[in-house]
Protein chains: 2
Amino acid sequence: MTTTSLRPSHGDIMDRTRSGMLLAGGDYSFKGRGGTTFEDRAEPDWTSEMFGARIPETAARGKALFWEGAPAEHIFQIVEGVVRLFRIFPDGRRVVMGFAFPGDVLGIAVKDRYLFTAEAVTPVRMRRASRERLSAQLAEQPQVAAIIFDRMRDELCAVQDQMLLLLCQAAETRIVKFLVRVARKSPGAIEHGEEFELPMLRTDIADHLGLTMETVCRTMTKLRRDGLIAMRGPHKIQIRNARRLLEAAGREETDDADEAWG
Amino acid sequence: MTTTSLRPSHGDIMDRTRSGMLLAGGDYSFKGRGGTTFEDRAEPDWTSEMFGARIPETAARGKALFWEGAPAEHIFQIVEGVVRLFRIFPDGRRVVMGFAFPGDVLGIAVKDRYLFTAEAVTPVRMRRASRERLSAQLAEQPQVAAIIFDRMRDELCAVQDQMLLLLCQAAETRIVKFLVRVARKSPGAIEHGEEFELPMLRTDIADHLGLTMETVCRTMTKLRRDGLIAMRGPHKIQIRNARRLLEAAGREETDDADEAWG
DNA sequence: CGATGCGTTGACATGCCTCAACCTGAGTGG
DNA sequence: CCACTCAGGTTGAGGCATGTCAACGCATCG
């Protein structure tokens, strides 16, 4: 869990590479995904034959995996690290559509061009497969198509979930829910109050939740003062009172929500 | 175009019927869809063999096509009228995920249970097909699967689009964008300033845009006072200054946006 | 005629944004 | 080793847009 503090040699390989495609952030909708890197997962799924067992490529922090509008030639699977997915608008506004975590696949739901830019938040390791290979697999192996189909449904649910979060929710609720979602990826973070990584920048979070960086800061400070969380630097978070935190998430996060979307 | 003023005999058939499944609102992302009813469309697509040529069922205003959480047994295609798709939260909050218009298909992206309730905003005519039939078609006819796949991508884009609308957008921008989207469905509404139908309730719009009913009212009154639109009753809208209206939508709506998602 | 559902408008409170100052740690160069 | 710079983060003061609460309008319906 040294993503943030890691100083990668350099990210030559991915530097300015244009490729891949995206499926946004299937991130949130999966349950029980443990571990930090993808290899930890127990799921021996379609991705192994899709992406092969080659040594993953790497991308240094801040490097783009692909750009919004570029021809979508590849799909990517994140092996380690975190990626932000965002669009820039003519007026300069940035919207972070989501974040991709280990195990997530980018570029499946796309037609011919990437819908947004994917940028490494932390040093990233990833695997790549050509779009053609995906099509071939889809045609040959019906069960792969079914899995992809399912994935897209999950994806759809995740985006809708995010939409719900943005609707009629106070800033604190949004931030707490976001923290809980990220914490869920680190086993023990919620149940045992173990420190977990919040690698993205405050501005990333703000642009993701439709808030300003200042509001994110203030709210997290408030959560800290109220004893719900503790912080060791901006990116090391610890949940100190899970019950109250989940309450602050507005109840949905504790029981249903994830269930409801299944 | 008499949807709102129509007084249907009554909606016995659909009353409390539990069935179908949903694809949310593929609504916004389609271009060039003209006409009021689905039959007007030139697209001789998969839906004809899927749904057959039977006489469409009807649902009276306010009746549910299916309920959130109910087993998803059918898919529906809206032939005429407008449907709202929403979820209710434990705290009583309602979120309108989207609206379904003629031609839209509900229930494709669902697994086994409906993700939200679909309710007739206006008297609705619709066609129904069983989930099994969908599966059969998918297995037999690869090209149908491809179309469905495409639809889901469109769907995903539409939801993301809606998400963007909710992020860092002022109330007026959201409402104007929404108006433009609905107006797009009526040819001539934007280019020639012809009156068009805005069948949904103010509360529907509010719950869809993450605003209050009051804010929706006030903003629309402001648009009227500023000469951008005219209103003949709450549901008959006329665009009086398309240029300024599209400007108020924040530029994205005029050129890109729809393009960007293609 | 009153009841009801939906829409509109007003007065007021407040949560978030804006603008601005300052902090902190890491990298850099003398 | 220190001074400097820079990016990211934190905190504060103040304003404004939107939510809240409340009254009223206006159709429809029994």
Side-chain angles (χ1 to χ4, degrees), chain A residues 2 4-8 10 60-62 84 91-94 96 119 121-122 165-176 197-225 229-237 248 250, chain B residues 4-8 10 60-62 84 91-94 96 119 121-123 166-176 198-225 229-237 248 250:
Chain A
T2 52
T4 298
S5 52
L6 256 184
R7 287 251 65 76
H10 37 293
R61 173 192 310 227
R84 66 178 149 251
D91 59 5
R93 236 180 40 228
R94 192 185 71 150
V96 174
E119 218 173 70
V121 172
T122 68
L165 191 150
L166 298 175
L167 276 161
C168 39
Q169 298 275 23
E172 182 172 322
T173 313
R174 299 188 200 183
I175 290 172
V176 169
E197 199 74 23
L198 187 73
M200 50 287 283
L201 305 182
R202 294 291 187 262
T203 47
D204 290 336
I205 300 173
D207 290 349
H208 183 51
L209 300 178
L211 302 169
T212 60
M213 196 195 60
E214 292 92 330
T215 300
V216 174
C217 276
R218 271 188 267 268
T219 305
M220 293 194 61
T221 300
K222 179 176 180 298
L223 293 174
R224 181 164 46 72
R225 274 202 302 262
I229 64 172
M231 291 166 54
R232 197 164 59 83
H235 304 292
K236 307 276 190 190
I237 311 293
Chain B
T4 299
S5 50
L6 257 183
R7 286 251 65 76
H10 37 291
R61 175 194 309 230
R84 66 176 149 252
D91 59 5
R93 235 179 42 227
R94 192 185 71 150
V96 174
E119 219 174 67
V121 172
T122 69
L166 297 174
L167 277 160
C168 41
Q169 297 276 20
E172 182 171 322
T173 313
R174 300 189 199 181
I175 291 172
V176 169
L198 188 71
M200 49 290 281
L201 306 182
R202 293 290 188 263
T203 47
D204 291 336
I205 300 173
D207 290 348
H208 183 50
L209 300 178
L211 302 169
T212 61
M213 197 194 59
E214 292 92 330
T215 301
V216 173
C217 275
R218 271 189 267 266
T219 305
M220 291 193 62
T221 301
K222 179 177 181 299
L223 292 174
R224 182 165 45 71
R225 274 202 302 262
I229 64 172
M231 292 166 55
R232 198 163 58 82
H235 304 290
K236 308 276 191 190
I237 310 294

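Because the structure is predicted, anything quoted here is derived from the model rather than measured. Hydrogens, waters and symmetry mates play no part in the numbers below; they use all other heavy atoms, side chains included.
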request  = For the residue pair A:Met220 and A:Leu198, establish whether any side-chain heavy-atom pair is separated by less than 4.5 Å.
outcome  = yes
By salt bridge (charged side-chain N to carboxylate O under 4.0 Å, His left out) - contacts of A:Arg225 (at least two apart) = none
request  = Would you mind reading off the distance between B:Met213 atom CE and D:dG19 atom P, rounded to a whole angstrom?
outcome  = 12 Å
task = Specify the separation, in whole Å, of atom CG of B:Asp207 and atom C1' of C:dC6.
result = 14 Å
message = If you only use heavy atoms from C-beta on, which nucleotide in D:dG9, D:dT11, C:dT8 is closest to the side chain of A:Pro234?
response = D:dG9
query = Do the side chains of B:Thr212 and B:Thr215 get nearer than 4.5 Å, heavy atoms only?
reply = yes
message = Can you give me the closest heavy-atom contact between A:Ala248 and A:Glu172, atom names plus distance?
response = CB-OE2, 4.3 Å
ask   = Whole Å only: how far is the NZ atom of A:Lys222 from the P atom of D:dG12?
value = 15 Å
query = With a 4.0 Å cut-off on heavy atoms, is B:Met220 in touch with a base, just the backbone sugar-phosphate, or nothing at all?
reply = nothing
task = Report the distance from atom CZ of B:Arg61 to atom P of C:dG5, rounded to the nearest whole Å.
result = 15 Å
ask   = Between B:Asp207 and A:Leu167, what is the shortest heavy-atom contact and its length?
value = O-CD2, 4.0 Å
inquiry  = I want to check one thing: is the phosphate of C:dC6, taken as OP1 and OP2, less than 4.0 Å away from some side-chain N or O of B:His235?
reply    = no
ask   = Any side-chain heavy-atom pair from B:Arg224 and B:Thr219 closer than 4.5 angstrom?
value = no
query = Separation of A:Leu198 atom CG from D:dG8 atom P, in whole Å?
reply = 15 Å
Find every protein N or O atom lying less than 3.5 Å from an N or O atom of nucleotides 13-16 of chain C, and list the pairs.
{"from": "C:dC16", "atom 1": "OP1", "to": "A:Ala171", "atom 2": "N", "distance (Å)": "2.8"}

key: Side-chain N,O (B:Arg218) to OP1/OP2 (C:dT9) below 4.0 Å   = no
query = Rounding to a whole Å, what distance do you find between A:Leu201:CG and D:dA7:P?
reply = 13 Å
request  = Output yes when A:Arg94 and A:Asp204 qualify as a salt bridge under the 4.0 Å nitrogen-oxygen rule, no when they do not.
outcome  = yes
key: d(CD, B:Glu214; P, D:dT18) in whole Å   = 13 Å
ask   = At under 4.0 Å between heavy atoms, what does A:Met200 touch on the DNA or RNA strands: base, sugar-phosphate, or nothing?
value = nothing
inquiry  = Using the side-chain heavy atoms of A:Cys217, tell me which of these nucleotides is nearest: D:dT20, C:dC6, D:dT11.
reply    = D:dT11
message = Using whole Å, what does the distance between atom P of nucleotide D:dT10 and atom CZ of A:Arg225 come to?
response = 12 Å
